[in-house]
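Just below is one structure, and these are the notes that go with it.
Order of listing sets the numbers, starting from 1, for every ligand and every atom in it.
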Amino acid sequence: MAEQTPLSLVVLISGRGSNLRAILDAIASGRLPATVSAVISSNTTASGLEYARSNNIDILALDPADYPERIQYDRALQGLIERFSPDLVVLAGFMRVLSAEFVQHFRARLINIHPSLLPAFRGLHTHRKVLEAGATEHGASVHFVTEKLDGGPVIAQAQVPILADDTAETLAARVLEQEHRLYVQVIHWIAEGRIRCEGEQVLFDEQPLQQPRQLYTPAEQ
Ligand code: GRF
């Protein structure tokens, strides 16, 4: 059988880059049929850049301070990404709101990971908000990006329990562990051609997805 061409990714980060690391580690260990063509950061000192550099990946930083208008930044970013003609653009802790023009350009090949069970708790500081709200469950979601902030069609989620003595930090750490599994799994499905987006609809094996796929912990599978 012919070898499947690996899915080419451009990953966008702004900071720590632990999701990027999970993706690179999955590729290096042969668990993910993908290649990272470039990592682009909105922050020139993002610690995530170091790991990419040590993996011999092209790294680029695009500093918002160099662009007075958001649209100028987004156009420069779009041009930079397109140099690599990626199959998929992966937002992994990229801390910028993207313009409609950018989102439309990459529609259906732009995904994001968000630390909540969307549509609950969009925006920042989700772990603190979840605890303040007394929610009984929490987790992470991977979704296609649309113009609506954290509002694009959700592909899959991983849930985590909330423990009685959880702080925002302990909860964040438990969610992050699941984010790493979840992001690798979703990119794997996309690499296999099992997931695609048509308008606001996610198709899984060509069937409209009624609910986000749930990623269970190994003990539950
Ligand atoms: C993650 O919690 C992700 O869900 C959110 O930003 C954080 C990035 O973490 N969008 P890292 O940089 O991947 O470690």
- Note on the structure: Contacts of His127 meeting ring-ring contact (aromatic ring centres under 6.0 Å, His included) (sequence neighbours excluded), chain-then-number -> His138
- Message: If we count only N and O atoms by modelled type, under 3.5 Å, do the side chains of Asn43 and Thr45 hold a donor and an acceptor together?
- Response: yes
- Gln178 side-chain N/O to Gln159 backbone N/O, donor-acceptor pair under 3.5 Å: no
Dump all N/O pairs between ligand 1 and the protein below 3.5 Å as a table: atom names plus distance, one pair per row.
unit_1: ligand 1; atom_1: 2 (O); unit_2: Glu179; atom_2: OE1; d: 3.3
unit_1: ligand 1; atom_1: 2 (O); unit_2: Glu179; atom_2: OE2; d: 3.0
unit_1: ligand 1; atom_1: 4 (O); unit_2: Ile113; atom_2: O; d: 3.4
unit_1: ligand 1; atom_1: 4 (O); unit_2: Glu179; atom_2: OE1; d: 2.8
unit_1: ligand 1; atom_1: 4 (O); unit_2: Glu179; atom_2: OE2; d: 3.2
unit_1: ligand 1; atom_1: 9 (O); unit_2: Arg16; atom_2: NH2; d: 3.0
unit_1: ligand 1; atom_1: 10 (N); unit_2: Ile113; atom_2: O; d: 3.0
unit_1: ligand 1; atom_1: 12 (O); unit_2: Gly17; atom_2: N; d: 2.8
unit_1: ligand 1; atom_1: 13 (O); unit_2: Ser18; atom_2: N; d: 3.3
unit_1: ligand 1; atom_1: 13 (O); unit_2: Asn19; atom_2: N; d: 2.9
unit_1: ligand 1; atom_1: 13 (O); unit_2: Asn19; atom_2: ND2; d: 2.9
unit_1: ligand 1; atom_1: 14 (O); unit_2: Arg16; atom_2: NE; d: 2.6
unit_1: ligand 1; atom_1: 14 (O); unit_2: Arg16; atom_2: NH2; d: 3.2
unit_1: ligand 1; atom_1: 14 (O); unit_2: Ser18; atom_2: N; d: 2.8
unit_1: ligand 1; atom_1: 14 (O); unit_2: Ser18; atom_2: OG; d: 2.5

Contacts table for residues 86-97: side-chain donor-acceptor under 3.5 angstrom, sequence neighbours left out:
unit_1: Asp87; atom_1: OD2; unit_2: Ser8; atom_2: N; d: 2.7
unit_1: Asp87; atom_1: OD2; unit_2: Ser8; atom_2: OG; d: 3.4

- Message: Applying salt bridge (Lys or Arg N to Asp or Glu O under 4.0 Å) to Glu132 and Lys129, what does each step give before you reach the verdict?
- Response: CA-CA 5 Å; Glu132 282 168 3; Lys129 289 184 197 158; over 6 Å; no
Extract all donor-acceptor atom pairs below 3.5 Å that involve side chains of residues 200-209 and protein atoms in other chains or at least two apart in sequence.
unit_1: Gln201; atom_1: NE2; unit_2: Leu209; atom_2: O; d: 3.2
unit_1: Asp205; atom_1: OD1; unit_2: Arg194; atom_2: NE; d: 2.9
unit_1: Asp205; atom_1: OD2; unit_2: Arg194; atom_2: NH2; d: 2.7
unit_1: Glu206; atom_1: OE1; unit_2: Arg196; atom_2: NE; d: 3.4
unit_1: Glu206; atom_1: OE1; unit_2: Arg196; atom_2: NH2; d: 2.8
unit_1: Glu206; atom_1: OE2; unit_2: Arg196; atom_2: NE; d: 2.9

